Novice: 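I'd like to ask some things about the structure below.
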Amino acid sequence: MELSIVIPAYNESESIEPVLNSLKEFIQNKPYEVIIVNDGSKDNSLSILQKLNNSNWFTIVNNKVNKGYGGAIKEGIKKAKGEFVVTIDADGQHNLEDIDKLFHKLKEEDADMIVGARDDNASSLYRRVGKNLIRFIAKKLMPIHIRDLNSGMKVYNTKLAKKYMSHCPNSMAYSDTITLFFIQTRNLVIEEPISINQRIAGESTINYKTAITTVIEIVNLVMLFNPLKIFFRIGIPTILLGIIWGLFRWFVVRDGLSTGALLAIITGLLLLFLGLIAESIRKLRMSLLESEE
């Protein structure tokens, strides 16, 4: 089996049938498997999936409770038998022809992950602002070269995905963090443009809370790979600020040693020590990650 197609679905009763009908035709005579994860849907998505699967041409993974976008993808990847896995959405936004396009490009470049990069103009202004903000923060905290971090369509090495996914959240932030995880563990990650359709039904669940959660997860990821970058960037300026303020109060105002200056210096030193402790923990966690089969 070359490729496993994983589709997370939550309350997609209106779109799942046309998507699967197109997918059934698309995978004919191809070494692809299809895994649909019904993520605790409260509509009749499961019964529709069971009806469409009368010839068992795809695998149904049924989560009894909703595990979130990332949680659903993880359950699908656990069942994947292909050497590579591709994730697409169940709302009909992704063009199936892009699967072959990304897969062929991935093999041609011998990459470990390829991200389907969407045209920014295809998104609303609200979402473009959110995406650009997340991208800006991520680039400030770690070196990245991928433009569309949170694209739902990406192809990646199944073995590596199973190794890394437990370190990624179950929320919508999964898309960003799994990409960053591949990059930070020195795997080859590339990007290729894809096209996007109007969703068949339903509305996006992405909002400002999703953006906040994603930023938090990116910070957590930086804490895993390079905690000194956070602690030292805060600690050293805090110490310098305390020293400058203390010298100003001592020599200019001449009212002695400033309590505020001492507090800033001590706080900065504590941050540096915490950074060193976090770095020791990072090395331990990374050694455990590298030892995982």
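For reference, positions follow the sequence shown, starting with 1. The structure presented is a predicted model; accordingly, all values stated were derived computationally and were not measured.
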Novice: Can you name the closest pair of heavy atoms from Gly116 and Ser151 and give their distance?
Specialist: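 Answer, listing the atom of Gly116 first, then Ser151: O-OG, 2.6 Å.
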
Novice: Given 3.5 Å as the limit, does a donor-acceptor pair link the side chain of Ser13 with the main chain of Asp43, or not?
Specialist: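 Answer holds: no.
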
Novice: What I want to check is whether the side chains of Ser47 and Gln50 have a donor and an acceptor closer together than 3.5 Å.
Specialist: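 No, because no side-chain N or O of Ser47 sits under 3.5 Å from a partner of the opposite role on Gln50.
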
Novice: So, does Asn63 use its side chain to make a donor-acceptor pair with the main chain of Gly40 at under 3.5 Å?
Specialist: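 Side chain of Asn63 to backbone of Gly40, a donor-acceptor pair under 3.5 Å: no, none is there.
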
Novice: Do you know which two heavy atoms are closest between Ser41 and Ala9, and how far apart they sit?
Specialist: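 Ser41 and Ala9 have their closest heavy atoms at OG-O, 3.5 Å.
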
Novice: In plain terms, say whether Arg118 and Asp148 are close enough for a salt bridge, that is, a side-chain N and a carboxylate O under 4.0 Å apart.
Specialist: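 Yes.
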
Novice: Starting from the C-alpha separation in whole Å, work towards a yes-or-no answer on ring-ring contact (aromatic ring centres under 6.0 Å, His included) for Tyr174 and Tyr69.
Specialist: CA-CA 8 Å; Tyr174 171 87; Tyr69 177 78; 7.0 Å; no

Novice: Identify the heavy atoms of Ala90 and Val19 that sit nearest to each other, and give their distance.
Specialist: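 Shortest heavy-atom separation between Ala90 and Val19 comes out as O-CG2, 3.7 Å.
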
Novice: Under a plain distance cut-off of 3.5 Å, with no hydrogens placed, do Glu97 and Asn95 share a side-chain donor-acceptor pair?
Specialist: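 Distance-only check fails for Asn95 and Glu97.
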
Novice: According to the side-chain hydrogen bond (donor to acceptor under 3.5 Å, both in side chains) rule, which pairs have a member within residues 261-273, sequence neighbours left out?
Specialist: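 Pairs touching residues 261-273 that pass the test: none.
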
Novice: Looking at Lys79 and Glu75, does any basic side-chain N land under 4.0 Å from a carboxylate oxygen?
Specialist: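 Judged by the 4.0 Å cut-off on N to carboxylate O distance, Lys79 and Glu75 do not form a salt bridge.
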
Novice: Within the distance-only criterion (no hydrogens, no angle test), does the side chain of Trp57 pair as donor or acceptor with the backbone N or O of Val34 below 3.5 angstrom?
Specialist: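 Absent.
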
Novice: Check whether Asn150 reaches the backbone of Ser175 with its side chain - one donor and one acceptor, N or O, closer than 3.5 Å.
Specialist: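 No; judged by distance alone, with no hydrogens or angles, the pair does not exist.
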
Novice: Where does the angle between the aromatic ring planes of Tyr32 and Phe103 fall among parallel (under 30°), tilted (30 to 60°) and perpendicular (over 60°)?
Specialist: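 Ring orientation of Tyr32 relative to Phe103: perpendicular.
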
Novice: Once salt bridge (charged side-chain N to carboxylate O under 4.0 Å, His left out) is applied, do any residues pair with Glu83, and if so which ones, sequence neighbours excluded?
Specialist: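 Glu83 satisfies salt bridge (charged side-chain N to carboxylate O under 4.0 Å, His left out) with no other residue.
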
Novice: Using the six-membered ring of Tyr164, assess whether NZ or CZ of Lys162 lies under 6.0 Å from its centre and within 45 degrees of the ring axis.
Specialist: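 Not satisfied by the 6.0 Å and 45° rule.
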
Novice: May I ask you to say whether Glu33 pairs ionically with Lys81, meaning some side-chain N is under 4.0 Å from a carboxylate O?
Specialist: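 Here Glu33 does not pair with Lys81 in a salt bridge, since their nearest N and O are not under 4.0 Å apart.
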
Novice: Scan side-chain atoms only and decide if Asn38 and Asn62 contain a donor-acceptor pair under the 3.5 Å cut-off.
Specialist: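 Yes, a side-chain donor-acceptor pair sits under 3.5 Å.
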
Novice: Which of these, Asp89, Thr87, Ile7, sits in a side-chain contact (heavy atoms from CB on, under 4.5 Å) with His94?
Specialist: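 Exactly one option meets the side-chain contact (heavy atoms from CB on, under 4.5 Å) with His94, and it is Asp89.
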
Novice: Would you confirm whether Asn21, through its side chain, and Glu17, through its main-chain N or O, come within 3.5 Å as a donor-acceptor pair?
Specialist: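 Yes; at least one donor-acceptor contact below 3.5 Å.
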
Novice: Any side-chain to backbone donor/acceptor pair from Thr59 onto Ile35? Under 3.5 Å, distance only.
Specialist: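 Absent.
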
Novice: Sequence neighbours left out, what passes side-chain hydrogen bond (donor to acceptor under 3.5 Å, both in side chains) with Asn170? Give chain and number order.
Specialist: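 Testing Asn170 for side-chain hydrogen bond (donor to acceptor under 3.5 Å, both in side chains), a comparison that skips the adjacent residues, returns Lys74.
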
Novice: Pick out which of Leu160, Ile114, Asn157, Leu102 makes a side-chain contact (heavy atoms from CB on, under 4.5 Å) with Phe84.
Specialist: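 Among Leu160, Ile114, Asn157, Leu102, the one meeting side-chain contact (heavy atoms from CB on, under 4.5 Å) with Phe84 is Asn157.
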
